[in-house]
> 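Sharing a structure, written as structure tokens. Questions coming.
Everything numeric here is computed off the predicted structure, so don't read it as measured data. Chain letters run A, B, ... following the sequence lines, proteins first and then strands; every chain starts at 1.
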Amino acid sequence: DAGVTQSPTHLIKTRGQQVTLRCSPISGHKSVSWYQQVLGQGPQFIFQYYEKEERGRGNFPDRFSARQFPNYSSELNVNALLLGDSALYLCASSLSSPPGANVLTFGAGSRLTVL
Amino acid sequence: DAKTTQPNSMESNEEEPVHLPCNHSTISGTDYIHWYRQLPSQGPEYVIHGLTSNVNNRMASLAIAEDRKSSTLILHRATLRDAAVYYCILRPGNTPLVFGKGTRLSVIA
């Protein structure tokens, strides 16, 4: 079975531009979460979606938005890019809106560089 | 958010056991203890999780102290492929994973 797939794997943008990152969860997984990982730090939670509804949001500005589609794939959008948005963006899927025991499967990430 | 404390780095020889400690003195009764690891240039990978009892799986063992204020991830025979950052995470109910800085494990051949 395919794991969590993310695209693109690498991209370069300039300040002020907008970017869309895509994620396909593992088949059967209905929950998708997005994380941002800046170099040298652990991943930081951005969003969680379950059954196309936002179930959680981290401490990120409104420039960050996301959505989940009927096939459970997801997109993360970032507007008005800043240099500080340069990071690895990780998508994770799980079987359901997670209780404490649920396990997340992560993709390899999309590395965004903002110049 | 529940907090964990881990050493910044540890070193192990190949084919020897590795014990990665984690302190979580403010743990509550419903917090699960999760371990994830992140190999270079990859996303985090689930290792193991537990609530109160020790747990074993094909990757590792998790030993949880009786008072649950600390836990230890045990890799029984470290290989070069186990070199990674290991994250100990408390999961209180329906909340996202909150990653700290983890422990960077180096494995020496």
Side-chain angles (χ1 to χ4, degrees), chain A residues 2-7 9-10 21 23-26 29 31-51 53-60 66 76 87-111, chain B residues 1-9 20 22 24 27-53 55 57-60 62 64 68 71 84-105:
Chain A
V4 176
T5 57
Q6 293 187 243
S7 63
T9 54
H10 295 83
L21 308 176
C23 172
S24 293
I26 290 174
H29 284 194
S31 179
V32 169
S33 299
W34 287 95
Y35 287 77
Q36 180 197 64
Q37 186 172 25
V38 174
L39 200 62
Q41 303 292 321
Q44 299 272 309
F45 170 71
I46 311 175
F47 285 110
Q48 191 222 341
Y49 276 78
Y50 175 69
E51 290 283 14
E53 291 188 3
E54 181 182 305
R55 293 299 184 95
R57 184 184 184 117
N59 187 24
F60 280 82
L76 175 70
L88 180 68
Y89 288 85
L90 295 159
C91 174
S93 73
S94 60
L95 277 170
S96 66
S97 184
N102 215 335
V103 169
L104 271 64
T105 303
F106 285 81
S110 295
R111 182 161 299 281
Chain B
D1 291 333
K3 300 295 185 186
T4 62
T5 303
Q6 300 179 251
N8 290 333
S9 62
L20 296 163
C22 181
H24 30 78
I27 192 170
S28 69
T30 56
D31 289 347
Y32 280 80
I33 302 162
H34 286 247
W35 284 82
Y36 283 73
R37 71 179 184 180
Q38 189 170 20
L39 280 65
S41 302
Q42 295 188 26
E45 173 189 32
Y46 167 79
V47 177
I48 201 167
H49 75 278
L51 183 61
T52 56
S53 302
V55 184
N57 66 20
R58 62 175 181 82
M59 288 183 69
L62 176 59
I64 302 173
R68 301 187 71 234
S71 60
V85 178
Y86 286 78
Y87 297 99
C88 170
I89 302 168
L90 297 187
R91 194 94 176 275
N94 261 358
T95 61
L97 294 175
V98 177
F99 291 83
K101 292 191 175 182
T103 297
R104 182 172 298 277
L105 175 66

> Answer yes or no: are there more than 12 heavy-atom neighbours, outside R104(B) itself, under 6.0 Å from its atom CZ?
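Check fails, neighbour count at 12 or below.
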
> Treating Y35(A) as the side-chain partner and F99(B) as the backbone partner, does any N or O pair qualify as donor plus acceptor under 3.5 Å?
no

> Looking at every heavy atom in both P43(A) and Y87(B), which two are closest together, and how far apart are they?
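Closest approach of P43(A) to Y87(B): CD-OH, 3.9 Å.
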
> Answer with side chain, backbone, both or neither: which region of Q37(A) has an atom nearer than 4.5 Å to a non-hydrogen atom of chain B?
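Q37(A) touches chain B through side-chain heavy atoms alone.
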
> If I take atom CG from residue L88(A) and atom CD from residue Q42(B), how far apart are they, to the nearest 0.5 angstrom?
11.0 Å

> Tell me every residue that passes salt bridge (charged side-chain N to carboxylate O under 4.0 Å, His left out) with E51(A), counting only those two or more places apart in sequence or in another chain.
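Salt bridge (charged side-chain N to carboxylate O under 4.0 Å, His left out) list for E51(A), sorted by chain: K30(A).
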
> Measure distances from I33(B) to the heavy atoms of chain A and classify the residue's part below 4.5 Å as side chain, backbone, both or neither.
neither

> Applying salt bridge (charged side-chain N to carboxylate O under 4.0 Å, His left out), name anything that partners R57(A), two or more places apart in sequence or on another chain.
D62(A)

> How close do L90(A) and P44(B) get, heavy atom to heavy atom, and via which atoms?
CD1-CD, 3.7 Å

> Tell me the closest heavy-atom pair linking N102(A) and Y36(B), and the distance in Å.
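The answer is O-OH, 4.5 Å.
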
